[in-house]
Amino acid sequence: MRYKILTPEEAAALIEHDECVGMSGFAHAGALKKIPAAIAAKAKAEHEAGRPYKIKLMTGASTTDLVDKLLSEAEAVSLRMPYQSCPVTRKAIDKGDIAYNDMHLSFMMRAMRHGHIPRVKTAIVEVSEVTDEGELTFTVGMGNSPAFCMLADRIILELNTYHKPELKDIHDIYISHDESGRCLVPLYHEDDRIGTRVLKVDPEKIVGIVPTHSPDGFAAFKEGTPETDRIGRNVVRFLEEEYRMGRIPEGFLPIQSGVGNVANSVLAALGDSDIIPPVRMYGEVIQDSVVKLMQRGRCSFASGCSLLLSDEMLEEVYQNFDFYRDKFLLRPAEISNNTSVIRRLGVVCMNTAIEADLFGNINSTHFYGSRIMNGIGGSGDFARCSVLTIFTCPSVTKRGAISSIVPMVSHTDHTEHDVDVIVTEQGVADLRGKSPRERAEIVIDHCAHPDYRPLLRRYLALTPIGHTPHSLTKAFAFQTAFLETGDMRNVDLG
């Protein structure tokens, strides 16, 4: 091998204060295993010596505790983009110690190419294989790794021999060289191959390799609860009716599903449907639940940008790779989330909300308007452009002290104009073609918990005149009641 072998400490020594670093990883999938810990140790040593040391950290999406947690604890991050899910990082963001630019995933690389956000100097990415000619085979998390490698001045590789070089057979790496970001992406079906299996870079840019042999360490999501299972069944009953009515064509439409227990319950319910045919996926994250559908013959293909599988399920895929070889394609995030492709394919998107308001606005990122949860991620890319946009959430949380259906969301990520359907365990609110007042009545009747329906109707009665009946003085009364008393049911509507 022509490349220099580095220790994690030697790799970290190359990273300078205030440098913009692009790291691989889309959730746990493809996240780095060794080098971030060495960067965190370097930051602590520099701080103890009285010198500043922080980096601007760019990734594909969220990563793992080996990246975000260690670097945040070491106070080694000044800027974080475009998405995170780490409690330690979240706390630092809320305190103002880390600047966090929460943005649509599809926007990030275009913004970087145009100079609106810092350009990566060093790309540190996980690969399963590298050739002397500079051909890189990524692992299970594509994310922004290809674009980082193309834009960076230098590349450091974590060569992870746990992952199979055969992964290149499920990679489709397409990077547009049109700086305007407006060129046609020639993808017309979920399983179209439009790129290459490996990324070719200038070998001179590869300054070293850190060997690793480690799985991603991702534990499978817990089984669904009775509540999430009811949400899943409500979603599927709605889709079955759409299919029966002919509003979804024969053969169905490609599905995008978010991450988590609610999403898994929805997919499980899809698998149990005797009306909906085997589905095809076009989205971001491919989870254990998708593989289980494939095993049952209920999912024929999945396109995404990461295989977010438990270690046990990934081992199943590796051991039976010939079966899965033609069932997966992993693409860069700027293709998996490309809004023109999403619109062209006619995707049905299903994502989760923190809170939804009476008129269809969705908050998916913040608690009480100011405290960050994770981020918008790719949900906005799909919500704005899908043929059918569904948001799900339980009707209440904190044992009923919080209603997820509120008069006005405390932070707006997805406006009423992009939201077609809201689903809770109580039922389904189909908002298409409805006025604001009609939407409010449907949301209350079908999605709100019975404990909160009278309170929400009382709120509507406060403003008898107006296209959208909001009371400026009481719009956030539910959230305020929880912050002041610990229970939204104590709301004072005057």
Side-chain angles (χ1 to χ4, degrees), residues 225-228 230-231 234-235 237-238 262 351-371 373 383 389-494:
T225 66
E227 181 181 67
T228 63
R230 285 197 297 273
I231 293 173
N234 285 341
V235 170
R237 279 196 289 265
F238 169 78
V262 173
N351 290 289
T352 55
I354 291 176
E355 59 182 4
D357 70 26
L358 296 177
F359 311 101
N361 300 294
I362 299 294
N363 169 19
S364 60
T365 62
H366 286 73
F367 292 119
Y368 322 121
S370 61
R371 287 165 45 192
M373 176 58 177
T389 295
I390 301 170
F391 278 94
T392 61
C393 61
S395 64
V396 292
T397 60
K398 299 285 187 182
R399 298 182 179 180
I402 293 178
S403 172
S404 300
I405 306 300
V406 293
M408 179 181 283
V409 290
S410 56
H411 179 94
T412 305
D413 294 293
H414 314 280
T415 76
E416 60 189 288
H417 309 291
D418 298 329
V419 179
D420 298 313
V421 179
I422 297 172
V423 181
T424 72
E425 82 286 356
Q426 300 293 324
V428 176
D430 184 352
L431 307 180
R432 294 172 296 180
K434 302 295 191 295
S435 70
R437 288 185 181 272
E438 291 171 329
R439 284 177 166 231
E441 294 292 344
I442 293 169
V443 170
I444 293 172
D445 290 342
H446 294 275
C447 290
H449 191 277
D451 288 353
Y452 285 94
R453 289 172 189 168
L455 295 170
L456 291 166
R457 290 193 180 99
R458 193 182 309 164
Y459 173 82
L460 279 182
L462 295 175
T463 310
I465 298 175
H467 176 246
T468 302
H470 268 313
S471 165
L472 293 182
T473 59
K474 297 293 183 179
F476 300 117
F478 280 54
Q479 295 94 332
T480 301
F482 177 78
L483 292 174
E484 292 177 350
T485 72
D487 196 320
M488 285 187 178
R489 287 168 291 199
N490 296 326
V491 61
D492 177 13
L493 293 175

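Not measured: the values here are computed from a predicted model.
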Nearest heavy-atom pair of Pro450 and Gln426: which atoms, and what distance? CD-OE1, 3.7 Å

CD1 on Ile390 to CZ on Phe238, rounded to 0.5 Å: 5.5 Å

Take a 6.0 Å sphere around CG of Leu472 and say whether it holds more than 12 heavy atoms from other residues, nucleotides or ligands. no

What distance do Ile354 atom CD1 and Thr397 atom OG1 have between them, rounded to the nearest 0.5 Å? 10.0 Å

Tell me yes or no: between the side chains of Tyr459 and His470, is some donor less than 3.5 Å from an acceptor? yes

Assess, by modelled atom type and distance only, whether the side chains of Thr412 and Asn361 contain a donor and an acceptor separated by less than 3.5 Å. no

Looking only at heavy atoms, which two atoms of Arg437 and Thr463 are closest? And how far apart? NH2-O, 2.9 Å

With a 3.5 Å cut-off and no angle check, do the side chains of His414 and Ser364 form a donor-acceptor pair? yes

Nearest 0.5 angstrom please: Tyr452 OH to Arg458 CZ, how far? 13.0 Å

Not counting sequence neighbours, which residues clear ring-ring contact (aromatic ring centres under 6.0 Å, His included) with Phe478? List them please. none

In short, side-chain hydrogen bond (donor to acceptor under 3.5 Å, both in side chains) pairs touching residues 483-494 with sequence neighbours left out are Asp451-Arg489, Thr485-Asn490, Asp487-Arg489

Point-to-point distance, once rounded to the nearest 0.5 Å, from OG1 of Thr365 to CD of Glu355: 9.5 Å

Where Asp357 and Pro407 come nearest, the two heavy atoms and their spacing: CB-O, 3.4 Å

Minimal heavy-atom distance between Phe482 and Ala401, with the atoms involved, is CD1-O, 3.8 Å

Search all heavy atoms of Ser410 against all heavy atoms of Gln479 and return the closest pair with its distance. N-NE2, 3.6 Å

Donor-acceptor under 3.5 Å (Asn363 side chain, His366 main chain): yes

Run the numbers on Cys393 and Val262 for side-chain contact (heavy atoms from CB on, under 4.5 Å), then give the verdict. CA-CA 8 Å; Cys393 61; Val262 173; over 6 Å; no

When rounded to the nearest 0.5 Å, the distance separating CZ of Arg439 from NZ of Lys434 is 9.0 Å

Which atom names give the shortest non-hydrogen contact between Thr468 and Pro436, and what distance separates them? OG1-CG, 3.6 Å

Glu416 CD to Leu431 CG distance, which is reported to the nearest 0.5 Å: 9.5 Å

